[in-house]
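See below for the structure under consideration.
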Amino acid sequence: LKVLVENLYTNWYMSELSSHWSAAVQDELKSSWVLPGIQSQKDFYRSFVAPKISNGDRVFVIISDALRYEIAAELADKLNSETTGACDIQPLLGVLPSVTKMGMASLLPHKHLEIDLSGNVLVNGRSSSGIDNRIGILQSVVADSTAIHFQELKDMNKAGRRETFKGKKLVYIYHDSIDATGDKAATEVNTFTAAERAIDELYAIVKIIRDDLSGTNIFITADHGFVYQREPLEESDKIEK
């Protein structure tokens, strides 16, 4: 079954998808990176978070590194079937290039995104690398805001969580179980397991926000997705001049 699925995915699905996508980019997207009816990732904060903040609502944003759409859809089903409240899902058109530092920067509040000569991604002229820099960017827009890694949140007790986030109107939570697995050749075989673990961890984070922090406005998004195949990639033919 594994061989059958892998062959269908690699030799049919991915090749067909790549062909149609390349044609669409060539014909329609080369001059303007826009898809009709699809929100852009770079407008995430402006479109989803800012209106809630303007209304005086408290907002939690969970960013899961490399959480591809299908995994998010499974998480949405789990949240809808096992928790109170409503969860819906919609796609975003990712920024280019589709890499962590670009995707993470685009999800922060910003007027300008740029890359300097050293390859650093700047948000409104300041570095967007690392939690501390991201907290600074968030607080320049919403004074009562912060950011934290999910493991740090998970390790706290209820009283610690309430004290840490007391008075915070905007909280960004960074989660990276899938990307941390897929980035290493030795562990990428565990990608399916990491995806299942990510669903459980994200579900647990939502439960913590709801039960311990009384949060009701929660957005879960990603910097980018991933393409995966079980078998090793074949090396492409080298062209020598």
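Only a predicted model underlies this, so the values are computations on that prediction, with no experimental measurement involved.
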### Message
Counting C-beta onward and ignoring hydrogens, is there a side-chain heavy-atom pair between L4 and Y9 closer than 4.5 Å?
### Response
no
### Query
Can you tell me if NZ on K78 sees more than 12 non-hydrogen neighbours from other groups inside 6.0 Å?
yes
### Query
CZ/R126 to CG/N133 distance, rounded to the nearest 0.5 angstrom?
7.0 Å
### Message
By the salt bridge (Lys or Arg N to Asp or Glu O under 4.0 Å) test, which pairs, at least two apart or in different chains, include something from residues 151-175?
### Response
R161-D212
### Query
Any ion pair linking R197 and E201 (charged N to carboxylate O, less than 4.0 Å)?
yes
### Task
Show the numbers, then the answer: is there a side chain to side chain donor-acceptor pair (under 3.5 Å) between S127 and N120?
CA-CA 7 Å; S127 172; N120 301 308; 5.7 Å; no
### ILVMFWY network linking I220 to L213, side-chain heavy atoms under 4.5 angstrom
yes
### Task
Identify whether V3 and W12 are in the same connected component of the hydrophobic contact network (ILVMFWY, side-chain heavy atoms under 4.5 Å).
no
### Task
Go through L67 and H175 one step at a time and tell me if the side chain to side chain contact (heavy atoms under 4.5 Å, CB included) criterion holds.
CA-CA 9 Å; L67 183 77; H175 174 264; over 6 Å; no
### Message
Working to the nearest 0.5 angstrom, can you tell me the gap between I178 CD1 and T191 OG1?
### Response
8.5 Å
### Task
Give a yes or no on whether the backbone of H110 and the side-chain of N124 come within a donor-acceptor separation of less than 3.5 Å.
no
### Query
In terms of heavy-atom contacts, does OH of Y13 have more than 12 from other residues, nucleotides or ligands at under 6.0 Å?
no
### Task
Please check if atom NZ in K2 has more than 12 non-hydrogen atoms from other residues, nucleotides or ligands closer than 6.0 Å.
yes
### Message
Is there a continuous path of hydrophobic side-chain contacts, each under 4.5 Å between heavy atoms, that joins V34 to L96?
### Response
no
### Query
Got a sec: does the CD of Q151 have more than 12 other heavy atoms crowding it under 6.0 Å?
yes
## Note on the structure
What one should report as the nearest heavy-atom pair of V99 and H224 is C-CD2, 3.8 Å
### Query
Could you state the interatomic distance from OG (S47) to CD (Q41), rounded to the nearest 0.5 Å?
12.0 Å
### Query
Between CG of L202 and CG of L79, what distance do you get to the nearest 0.5 Å?
8.5 Å
## Note on the structure
Taken to the nearest 0.5 Å, the spacing of S106 OG from D223 CG works out to 8.0 Å
### Query
If you link I, L, V, M, F, W and Y whenever their side-chain heavy atoms are under 4.5 Å apart, who else ends up in the same group as I137?
F44, Y45, F48, V49, I53, V59, V61, I63, L92, M104, L107, L108, L113, V123, I131, I135, L138, V141, V142, L170, Y172, Y174, F219
### Task
Look only at the side chain of Q90 and the backbone of Q39, and say whether a donor-acceptor pair between them is shorter than 3.5 Å.
no
### Summary
When rounded to the nearest 0.5 Å, the distance separating CG of L153 from CZ of F60 is 9.0 Å
